[in-house]
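What follows is one structure encoded as structure tokens, with my remarks underneath.
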Amino acid sequence: MGESTPPTAFLEVRDLRIGFQTEDGLVKSVDGLTFSLERGRTLGIVGESGSGKSVTSLGIMGLYNRRNAKMSGEIWLDGRELVGASPDEVRRLRGRHMAMIFQDPLSSMHPFYTVGAQIVEAYRVHNDVGKKVARKHAIDMLGRVGIPRPDRRVDDYPHQFSGGMRQRAMIAMALSCDPELLIADEPTTALDVTVQAQILDLLRDLQEEFNSAIIMITHDLGVVAELSDDILVMYAGRSVEQATVEDAFHRPMHPYTWGLLGSMPRLDRDRSERLMPIKGTPPSLINVPVGCAFSPRCAYAGLNEGRSESERPELREVGPGHRVACHLPVERRREIWESEILPKL
Amino acid sequence: MIAFLVRRLIGAVALLVIISMVTFGIFFLLPKAAGVSSDDLASRFAGKSPTPETVQAIKERFGFDDPVPIQYGRFVKAIVAGDEYDTGTTVIECPAPCLGYSFRTNTSVMDQLIDRIPVTLSLVVGAAVIWVLVGVSVGVLSALRRGSVFDRAAMAVALAGVSLPIFFTGLLSLTFVVHAWDLLPPVSYHPFLDNPLEWASALILPWITLAFLYAAMYARLTRAGMLETMNEDYIRTARAKGLPERTVITRHALRATLTPLLTIFGLDLGLLLGGAVLTEQTFSLKGLGALSLDGVIGSDLPVVLGTVMVAALFIVLANLIVDLLYGAIDPRVRHS
Amino acid sequence: ACGGGDDDGGDGNGGGVFNGAVDKIHNPSDTKGGTLRMAISSDIDSTDPGNMYYAWSNNFTRLYSRQLLTYPAKPGDESLKPAPDIAEALGVASDGNKTWTYKLRKGLKYEDGTEIKAADIKYAVARTFDRGVLRNGPSYFSQMLDAEGYEGPFKDKNLDNFKGVETPDDYTVVFKLKEPFAEFNEVVTFSGQTAPVPAAKDQGERYGLRPFSSGPFKWEGNYQPGKGGAMVPNPHWDATTDPNRKQLPAKIEVIAGLEAQELDNQLLKGQIHVDLAGTGVQENARSQILQDPALKNSSDNPPGGFAWYIPINVKNIPNVECRRAIVWAADRDAMWRAYGGAVGGDMATSVQPPDIEGREKGTDHFTKAQIGYKGDVNQAKAALQRCGQPNGFSTTMVYRSDRPKEKATAEALQQSLSLVGIKLNLKGYPASTYTNDQFGSPSFVAKEKIGLGTYGWHADWPTGYGYLQAISDGDAIVPSGNANPSELDDKQINDLWDQSLKVEDPAQRAKIYNQIDDRIRSEAAILPNVYARSLLFRPSSLTNVFLHEGFGMYNYSTLGVAK
Amino acid sequence: MSTSQTGAGTAPTEDVAVAATEAGRPGRGGEPLLQVDGLGKHFPVTAGLLRRQVAAVKAVDGVSFTVHKGETLGLVGESGCGKTTTGRMVMRLLEPSFGRITFEGHDITHLSQARMRPLRRDLQMIFQDPYSSLNPRQTVGAIVGAPFRLQGIETKKGAKRAVQELLELVGLNPEHYNRYPHEFSGGQRQRIGIARTLALKPKLIIADEPVSALDVSIQAQVVNLLEDLQDELDLTYVVIAHDLSVVRHIADRVAVMYLGKIVEIADRNDLYAAPMHPYTNALLSAVPIPDPAKRKGRDRIRLQGDVPSPLDPPPACRFHTRCWKAQEICKQVEPPLVELRPGHQTACHFPENAPADATELVAQAAATHADAAATGEPLPVHKIRDDD
Amino acid sequence: MTAPIEVSGSEGEAQPEAVLAGVGKKAIEGRSLGRIALLRLRRDKVAIAGGVVIILLIVFAAAAPLVVKLLGHPPNDFHQEFIDPTLGAPTKPLGGMSGDFLFGLEPGNGRDLFSRIVYGARVSLLIGFLATLVAVLIGTTLGVIAGYFGGWVDSLIARAMDVFLAFPLLLFAIAVVGVIPNEKWGLEGNGLRMAVLVFIIGFFSWPYIGRIVRGQTLSLREREFVDAARSMGARAPYIIVREILPNLVAPILVYSTLLIPTNILFEAALSFLGVGISPPTPAWGSMLADAIGTYRIAPHFVVVPGLAIFVTVMAFNLFGDGLRDALDPRAR
Ligand SMILES: Nc1ncnc2c1ncn2[C@@H]1O[C@H](COP(=O)(O)OP(=O)(O)OP(=O)(O)O)[C@@H](O)[C@H]1O
Ligand SMILES: Nc1ncnc2c1ncn2[C@@H]1O[C@H](COP(=O)(O)OP(=O)(O)OP(=O)(O)O)[C@@H](O)[C@H]1O
Ligand SMILES: [Mg+2]
Ligand SMILES: [Mg+2]
Ligand code: NI
């Protein structure tokens, strides 16, 4: 792929592959992922545990040590290619152009430094300002993310904050340099629903304010539906469905997406007597099935005369901005969704 | 804070009491159990050809025939209230805290301890500086270059350091470095205040020998800790902020790695300050360790008790200081 | 000889010739100044002249204390004869050797300039009566002097109650003995117990921390047990009154507890001048010296005046034939090698070493003092047969664990005795307690069933009495610090001792001593091993070095250092 | 039967379940199995030399509820509100500080562990964390067979057979008897835990967040399994969870806890359709809805701040610090749990979806409540309307 | 639908065991963590080398009489014909190393160093192992009790550990060894001495194990499987023995392998201070202590036991490290 051209999109990931060599073999955590994202939009990435969501995000951030992780493909951020860039170049982009929020805010903050100091530090690597100015900025940021009395709390340590406040502080830290891309890796999983709602509101408001692009990683479809514009469903390191949220929830085209929707008990519908789980468990990423990775768990794999087992389905456009990787004919799938799945939800 | 200190201090005193009791028991009850009579015990203080009267006199002075608890009581009383000793011609005042009087050397144990402490202190502190600097930097480098030639070599040397008895490395280095190659002056102790240069140059070898053992240990500990810390989420956060790798390592990883090492360091330092017996013996340094060894070999009970008490005190103090420092370094401890 | 000028102290170059200080003064010099550094690998048990018993301490104490009589500081045999020191002349006996009178020189001074008086000597002798305070010294005075019931000046402050010594005037000291004793001048000479102590300066036990000087040097500050101390010239000492001492160094440093190997290393480099213990260097240094001609020329290998031997305890091995079996089976060659072969000494034939006056070589009763003699298995087995233990027996042998040579000796004996079925359990004890608490304690020996052990003895004075009495007289057995670990309490020997006291003629007495010596060996109570030789090293900067035969080591009171 | 590895067939439990589903659940009205009255747990916080108690974590502060035979009671609330503590007290893994637990008519509040032992057959627990609830050093056989050994139960066909039957029951391959937990996925481990729980055929199972550690797809498997087992074995559940959707799915009645107290308890449908307590309302409205179409239309209630510390809970109504309807009285008078609609109790001075006279009724109840407290009588649940 | 039984290789928490189990997909039989650790250990060449050395040492020590018969001379036989009487050194170069005397001769008595090293392994290993065993027994018992019961029991035991750790063990060992009688408890001579040494070393090093066990127990006690057992009516002994102890085996094993070399060195230190094993029984520590006095005459006498100690201690350390990595890969 020598002739790769800079894309027009703000963030474009092309055929990203990330693998880890372990004692037992190569773990293909991300296996040919392609997507793009525009400024001001939010992409939700969903998928089961171990499907490669975090690896993708850390890969984009350049947080993998190149000795341990095998990375290939292209990541274009605002016209710059990151996979081939030098580690120092990527480092300079981190924090300033792209920032990240992690799942567990307590373990993600250094226990020995005050919240303020950690924000100041983030701000000062990228901005040549004095300590006083940086501190004012930190207080300002804490205030912006809704921490009461930020001038006081700035000198507290992470363990003195409650869970929700910690996550707010993490967000403040991530946003301290106005990054254009914000990756949130399960930012609310550790939080209670009421607090989660607060954080989601905050993210929405901040996005309006900063117009940044957000990648929202979660396995809660509800969160995606609340916040995202687009959705990417991952399975075993690959993307199985990409669509706008409307399409994804109202016209999903991949059996795995159906499975996810069927597994969820929902407050917004009448209580169905039985949930419809996906059978089995996700495959090992060392021995991913050759064909469709989902085929062993797929109730409809049999309808393909074995193609699912031997041939890998490509992502194909099934509608505007809606791409799905499945061997089943589109019409057949539409039929199944409407007749078999939707009524049971 | 005050409550914490008071509690720790009371605990420390209790610890010292128990240790003194056990020491007392081992040196009085054990020989008795092994069949040593109080006469034998007394004659150990009596030189070449003691007459029965001599033995009797010594026995009386030490009260060897009293029940052990009474003897112990005397010992404690002396610490708290001081004591006096009749040396035959003069009565020696031993003000509190009196750790007893050595009839073998005719000196107050306290005086000897005060005389010896600077030696051990010089030895241990000097060595500690070296081993912490060397051990930690080697450990960090090893962790960062895990699997490299440097890492393997450093860890092999570290293992060698842990595997060789100190009297072995000590005596060999003494022979070669000082005597065969004339690289350093003979090992001895010169007070720091008299001539700092002489003080240091005459102690370099024991410092290095002692530090070799501990640096090896600390390198291994640091490496393990560092590898663990580098996997912590907050290190990932620091990198995600775009901090340069050096800042990530020094400001974020190292601090977290070294904090738990502090506890071990405190214990090691405390133990050594109580007397680095083998090192002192090997290098003929007249520190607490040599004193306690002389005491044990010469059955000079007051000296043994005194050195053991001081050793225990050092350990207790070191632990206390470590705990306090911990509070300063780790805010989680401070607030709980 | 070379006068030094060899400052790097790195070798023994110009150190003269091997054995060059044995019968003449090596490096004679009157140069003053410099620091004389003396070291010892153990601690010094006491620096109180009245409270010491080792040959080297008697040698050492002369640096800071004068005594009534002393050994002349001269090379050769002359040094063995008592010579006046504070006294004008040797003591004069009267009352059939029961009263001994000494006249003092006038005008001798202490370090503070006050004069030495007869009362001070009486006081010094009186204090040796309190064994509770002065525990280490010899007890000849308290045994011999006619002072029944006297308990020493610490319990009995009135010195007039002490009748054993009289001071008719300030310059006369008269000793009153219970029994006649012909060798009293020797008793007075050999120890520091007649070194004067002014009553006002006495501190009892603590006197040793800072003895009051009457010699050429005085202590600078206290002696620190286990560490050492320093001495500086005493301005009130007058060289003209004292032929046996010099005052050359500007300072003397005494270092105690220097690790033995390190001590040798520093000695060989001249960083230390004297190994106080005077028993010679350790194996490592020995090989260095013997293999390097330059070093060898700076060393002497004289007889040390003492002997290494194996006492066999007659209480635990009562059957004389069993003891003889041990002697027959002993591998003399290996035992001799253990002390370093020819350099370590000569194979012993008698208990008394050769330099004892009138000592005879003696005959080997049940062993052969021959190089290559590995013990006689057949004779040993025959002896065992007679003893009624044809298959051998087992017993315990003790040794000083911190003395490699004794360990090797014990192992050699163990190995050779195992060939005839005698099993030795070896047990090592620290040297500092060995002669008091273990081998020197009959009750301990009985409890642990100790059959034999390693031992060494140096004459108090060079006659058979001065050597043998303490180690063979049944009366000399004491409950602790027992010097007769054979516990030989033989009627024949005891009678001979009593008899010897009454004999006036020294040669006649020597005959009796030889008889005793022979009897000890035929009773197999002592297995003689080696007459010690010490390999002594004299750094090139050391001046006025010569072997003092009485002490068996270099004479310390005349040493100086060349700069 | 072949427990097919490729998964085309369904396990027997599934077949049974389908049949049993519509047979109707023995809703409420069964006889009470478990009764909890004013149960509380205060963890002492000690300090100083003499380990003096300086404060108490009021983890649970007087909760009362009844569980009827055959039903499922859901217990929801935010993290730290005392759900687990309540469950563990009922299991007698924790000693209650006060209150009373009655199981099958026996007061088990302070039974000794020895007296408790036989009762444990009827009372079992499913644990939250499938990784920590199985001993990694024991085989599945040993783990699932432990209850037999501990209770000294002789199994007819031998323990191994019994264990294998249990494994089959929860949808595991009985041949995996000799495997170790680490060889199973999270969902499978949770099944192993459930099999162990079922070994003694308990009457009541307390499930503490049985699915919150699992992925959605696996979560659904386990939820279905729990439901099937209930029908098949006639079990009674107390399901602790913080996921309101899951609770709605499996519970018949739901109790909502806030800071150690129950603020609302009602029939499932009633509660989700017309919650009365503002906190319940807020909780429900905070749940994200997986339907982008509904994103705009919902009117949300957003609570401020976090749950206060149980060390120092707010006085009176504990929710007043975050409640948008709070008035002066909420800070002064604690609202008692009042049954404002049949089977629907709530503790609020200003309930929503409530009859018009609710405020007065609550005030009235609060007054009697205060009297009872003054005289030291047990606190009754205020049943206002008996016209059911 | 029932989950098809299949071992997953991609658990969310990247459980090491699970990852590993994913490899041998076909193997269905239960593989305990121990076996997995063994598998992992087998891949660690350095640790294996350490293990092989340890096994060789043990074999040599156990078969010492045979080995010596084949390759050496009886350990206590003198060969002074090869020793220079004045210097005490072997007359041949290299300390007399030859086909006849593999490691050369001891200076002085001329005993065969090879056979003394082989026999010496018995003492060193015996003391190393047995003392560690004592420490493990005491440490585990008290550690588990402290950790499991907590409260004042814990405080008491924790204090006791502090006391023991604060004691100058070396001094006590010297004091105690000094008063060992000849016979006691049916033991005599060196046997008794070793028994006492083993006991003292073990008795004073238990807190190292105890601390670790206590810490582990504290965290194990909080694991839900303990609650599960309690909720099924298990009593404390059952929980300790069946639930907690099996989980402690790994850390105990690791720390034991690391404690053994420490104890071997401790015996060496005692010998250096003159209170080790009595002659003529060969022990590495006392050989080294002797050799220090003759390093100029016979450098090989220093090197041989020094190397023996070094290699042994190194082997245990390497093996212990490998074991730790295998049992707990996070601790790397
Ligand atoms: N450093 C690594 N070395 C080896 N394997 C790794 C590494 N990091 C991640 N993996 C593997 O990559 C796979 C994807 O992990 P990832 O963390 O991206 O999952 P995820 O989708 O974020 O899951 P979760 O929802 O649990 O966070 C997992 O199987 C994991 O075990
Ligand atoms: N052993 C204990 N000692 C002191 N406090 C405790 C203890 N156990 C629990 N707590 C406290 O009691 C409160 C209730 O805890 P509990 O575990 O019951 O909450 P929960 O509702 O189960 O929360 P979660 O949803 O997080 O599991 C919390 O504040 C907790 O910190
Ligand atoms: Mg993740
Ligand atoms: Mg809980
Ligand atoms: Ni009420």
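Bear in mind that the values here come from a model prediction, so they are computed numbers and not experimental data. Just so it is clear: chains get the letters A, B, ... in the order the sequence lines come, proteins before strands, and each one is counted from 1.
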Practice prompt. Count the heavy atoms belonging to other residues, nucleotides or ligands that lie under 6.0 Å from CG of A:D128, then report whether that count exceeds 12.
Written response: no

Fill in: Enclosure of A:R80 CZ (heavy-atom neighbours >12, cutoff 6.0 Å)
yes

Fill in: chain B interface, residue from A:R96, A:R94, A:R92 that has the most non-hydrogen pairs under 4.5 Å
A:R94

Going by heavy atoms in the side chains, are [X] and [Y] under 4.5 Å from each other?
{"X": "A:E121", "Y": "B:R251", "result": "yes"}
{"X": "B:D233", "Y": "A:F102", "result": "no"}
{"X": "B:K241", "Y": "A:Q118", "result": "yes"}

Worksheet entry | Between A:F112 and B:H252, ring centroids under 6.0 Å | no

Discussion item. Please find the pair of heavy atoms, one from B:G242 and one from A:V125, that lie closest to each other, and give the distance.
Written reply: O-CG1, 4.0 Å

Going by atom type alone, with no hydrogens or angles, which donor-acceptor pairs under 3.5 Å involve a side-chain atom of residues 263-276 of chain B and a protein atom two or more places apart or on another chain?
from   : atom 1 : to     : atom 2 : distance (Å)
B:T263 : OG1    : B:P260 : O      : 3.4
B:D268 : OD2    : B:Y218 : OH     : 2.7

Worksheet entry | side chain to side chain donor-acceptor pair (under 3.5 Å) against B:S173, all qualifying residues, sequence neighbours excluded | none

Roughly how far apart are [X] [atom1] and [Y] [atom2], rounded to 0.5 Å?
{"X": "A:R124", "Y": "B:T247", "atom1": "CZ", "atom2": "OG1", "value": "11.5 Å"}
{"X": "B:T237", "Y": "A:D104", "atom1": "OG1", "atom2": "CG", "value": "9.5 Å"}
{"X": "A:M61", "Y": "B:R236", "atom1": "CE", "atom2": "CZ", "value": "10.0 Å"}
{"X": "B:I235", "Y": "A:L63", "atom1": "CD1", "atom2": "CG", "value": "12.0 Å"}

Worksheet item: Which residue pairs pass the salt bridge (Lys or Arg N to Asp or Glu O under 4.0 Å) test with at least one member in residues 136-148 of chain A, sequence neighbours excluded?
Response: A:D140-A:R144, A:R144-A:E209

Worksheet item: Is it the backbone or the side chain of B:A256 that comes under 4.5 Å from a heavy atom of chain A, or both, or neither?
Response: both

Worksheet item: Charged N to carboxylate O under 4.0 angstrom, B:E245 versus A:R91?
Response: no

Discussion item. Given heavy-atom pairs under 4.5 angstrom as the criterion, report whether the side chain, backbone, both or neither of A:M109 touches chain B.
Written reply: backbone

Worksheet entry | Positive for side-chain contact (heavy atoms from CB on, under 4.5 Å) with B:Y234, one of A:S107, A:P158, A:P111, A:S108 | A:P111

Response to the item:
Among residues 173-183 of chain A, residues within the sub-4.5 Å heavy-atom range of chain B, in order of number, are A:M173

